[in-house]
Amino acid sequence: MTQLPPLNGLRAFNVTGRHLNFRAAADEIGVTQGAVAQQVRQLEAHLGVSLFERLPKGLAFTPSGRGYHARVATAFEDLRAATETLRPEPGKVLVSVTPTFAAKWLIPNLPDFSAAYPQIDLGILATEKISSFHGDGIDLAIRQGQPPFGAALDAIRLFRQEIIAVAAPSLIAGQRVPLDPEALSRLPKLHDAHNLWPEFLKQLKVEDRGGHGLRLSQTALAMDAALSGQGAALVSRFFAGRDIAANHLVQITPETLSGKRDFYLLALRGSKRSASIQAVVEWFASKAESEA
């Protein structure tokens, strides 16, 4: 009887084969890059064949490695399917989002989701760090970035990056909107981690005379400060849509700042999605399209 290879080596090979990169595989598994590389080497030694070609900028399958990976990936998928059958959770979907996306878009829209899909238990993991589909157990992720996101992921663009300047009506009371350059220059500015005010004002050829302003770690905090009248904030248009419609915020200048870091819904490629996960994907896509 042929002795089975070490399971850790097979797992490391399976994940590395999806990324063709030891570092990306290590991030997904939650171990060091060196540990993944060592487990793959031990598997190659056990099998007596090379599975990858080590290249200056990553990895490539050998002919033997490509065929072996296809069968190993199928075996791991069968194991996951068998486990889901043993412990089915068909109505649970965990989505990883940034805290700002959670606070300013997802949570306000959750009543619509719950009304449409009362049978789905939607979990929200709000974090700035990059979540792992396997290590953190997430089903979907929403992140701001630029494709490609990797061969292992499907990406659906939800919102384009369109930055607008907003302020509370109380902050600009008695002034004509849109603000003229001098009025915009003198407004106190709220800065988040993206620090876009210098680029925005340079585009408008406006000098900032509003002082240092308040500096906050997240866009959601800058929006909350803007809502309380502490200054003007730069935010993605779709984050501010509800507050603008309710006249809690005002777009103070028609100019916008665009970029390539749009907002995407990410899902694992190649794995069969449950009906609940597919329903969540379709809801996000439909909701975003209705707001475009």
So if you build clusters from Ile, Leu, Val, Met, Phe, Trp, Tyr with side-chain heavy-atom gaps below 4.5 Å, do [X] and [Y] land together?
{"X": "L153", "Y": "L125", "answer": "yes"}
{"X": "I164", "Y": "L227", "answer": "yes"}
{"X": "F239", "Y": "I163", "answer": "no"}
{"X": "F238", "Y": "L221", "answer": "no"}
{"X": "L171", "Y": "V166", "answer": "no"}

Is there side-chain contact between [X] and [Y], with heavy atoms separated by less than 4.5 Å?
{"X": "I120", "Y": "F113", "result": "yes"}
{"X": "L122", "Y": "V280", "result": "yes"}
{"X": "I172", "Y": "I252", "result": "yes"}
{"X": "L10", "Y": "V72", "result": "yes"}
{"X": "L140", "Y": "V281", "result": "yes"}
{"X": "V93", "Y": "D121", "result": "no"}
{"X": "T219", "Y": "H194", "result": "yes"}
{"X": "L196", "Y": "L257", "result": "yes"}

By ring-ring contact (aromatic ring centres under 6.0 Å, His included), which residues pair with [X], not counting sequence neighbours?
{"X": "F76", "value": "none"}
{"X": "F13", "value": "F52, Y68, H69"}
{"X": "F133", "value": "none"}

Original post:
Taking it one step at a time, do I138 and V95 satisfy side-chain contact (heavy atoms from CB on, under 4.5 Å)?
Top reply: CA-CA 6 Å; I138 65 171; V95 184; over 6 Å; no
Evaluate whether atom [atom1] of [X] has more than 12 neighbouring non-hydrogen atoms of other residues, nucleotides or ligands under 6.0 angstrom away.
{"X": "R176", "atom1": "CZ", "answer": "no"}
{"X": "E128", "atom1": "CD", "answer": "yes"}
{"X": "E199", "atom1": "CD", "answer": "no"}
{"X": "K129", "atom1": "NZ", "answer": "yes"}

Once you round to the nearest 0.5 Å, how far does [atom1] of [X] lie from [atom2] of [Y]?
{"X": "S64", "Y": "L47", "atom1": "OG", "atom2": "CG", "result": "9.5 Å"}
{"X": "L265", "Y": "F159", "atom1": "CG", "atom2": "CZ", "result": "10.5 Å"}
{"X": "Q119", "Y": "K92", "atom1": "CD", "atom2": "NZ", "result": "14.5 Å"}
{"X": "H248", "Y": "M223", "atom1": "NE2", "atom2": "CE", "result": "11.5 Å"}
{"X": "S96", "Y": "D139", "atom1": "OG", "atom2": "CG", "result": "11.0 Å"}

Between the main-chain N or O of [Y] and the side-chain N or O of [X], is there a donor-acceptor pair closer than 3.5 Å?
{"X": "S185", "Y": "P181", "result": "no"}
{"X": "S228", "Y": "A225", "result": "yes"}
{"X": "K287", "Y": "A285", "result": "no"}
{"X": "W197", "Y": "L190", "result": "yes"}

Write down the atom of [X], the atom of [Y], and the distance for their closest heavy-atom approach.
{"X": "P169", "Y": "V250", "answer": "CG-CG2, 3.8 Å"}
{"X": "A222", "Y": "D192", "answer": "CB-CB, 4.4 Å"}
{"X": "G137", "Y": "L94", "answer": "O-CD2, 3.8 Å"}
{"X": "A288", "Y": "L158", "answer": "CB-O, 3.4 Å"}
{"X": "L249", "Y": "A168", "answer": "CD2-N, 3.9 Å"}
{"X": "A12", "Y": "Q39", "answer": "CB-OE1, 3.2 Å"}

Looking at residues at least two apart in the chain, or sitting in another chain, which of them share a side chain to side chain donor-acceptor pair (under 3.5 Å) with [X]?
{"X": "Q144", "answer": "none"}
{"X": "R157", "answer": "D262"}
{"X": "Q203", "answer": "none"}
{"X": "T127", "answer": "none"}

Residues [X], [Y]: salt bridge by 4.0 Å N-O rule:
{"X": "R209", "Y": "E207", "value": "yes"}
{"X": "R41", "Y": "E44", "value": "no"}
{"X": "K202", "Y": "E255", "value": "no"}

Original post:
Does the ring center of F284 lie less than 6.0 Å from the ring center of Y264?
Top reply: no
Original post:
S236 and R160: side chain to side chain donor-acceptor pair (under 3.5 Å), yes or no, with the steps?
Top reply: CA-CA 9 Å; S236 292; R160 293 184 181 275; over 6 Å; no
Original post:
In chain order, what residues pass the side-chain contact (heavy atoms from CB on, under 4.5 Å) check against A193, with sequence neighbours excluded?
Top reply: none
Original post:
Who pairs with Q278 by side-chain contact (heavy atoms from CB on, under 4.5 Å), at least two apart in sequence or on another chain?
Top reply: R273, E282
Original post:
Between L43 and L51, does a side-chain contact (heavy atoms from CB on, under 4.5 Å) hold up when you go through it step by step?
Top reply: CA-CA 9 Å; L43 177 62; L51 300 172; 3.8 Å; yes
Subject >> Pair Q251-R237, side-chain contact (heavy atoms from CB on, under 4.5 Å): steps then yes or no >> reply: CA-CA 9 Å; Q251 182 176 349; R237 182 184 295 278; 3.1 Å; yes
Original post:
How would you list all residue pairs meeting side-chain hydrogen bond (donor to acceptor under 3.5 Å, both in side chains) that involve residues 6-26, not counting sequence neighbours?
Top reply: R18-E28, R18-H134, H19-E28, R23-Q33
Donor-acceptor list for residues 98-106 side chains, cut-off 3.5 Å, not counting sequence neighbours:
| from | atom 1 | to | atom 2 | distance (Å) |
| --- | --- | --- | --- | --- |
| T98 | OG1 | F101 | N | 3.2 |
| T100 | OG1 | A220 | N | 3.0 |
| K104 | NZ | D224 | OD1 | 2.6 |
| W105 | NE1 | E291 | OE1 | 2.9 |
| W105 | NE1 | E291 | OE2 | 3.4 |

**OP:** List, by chain and number, the other hydrophobic cluster members for L55, where Ile, Leu, Val, Met, Phe, Trp and Tyr join if side-chain heavy atoms come within less than 4.5 Å, directly or indirectly.
**Re:** none
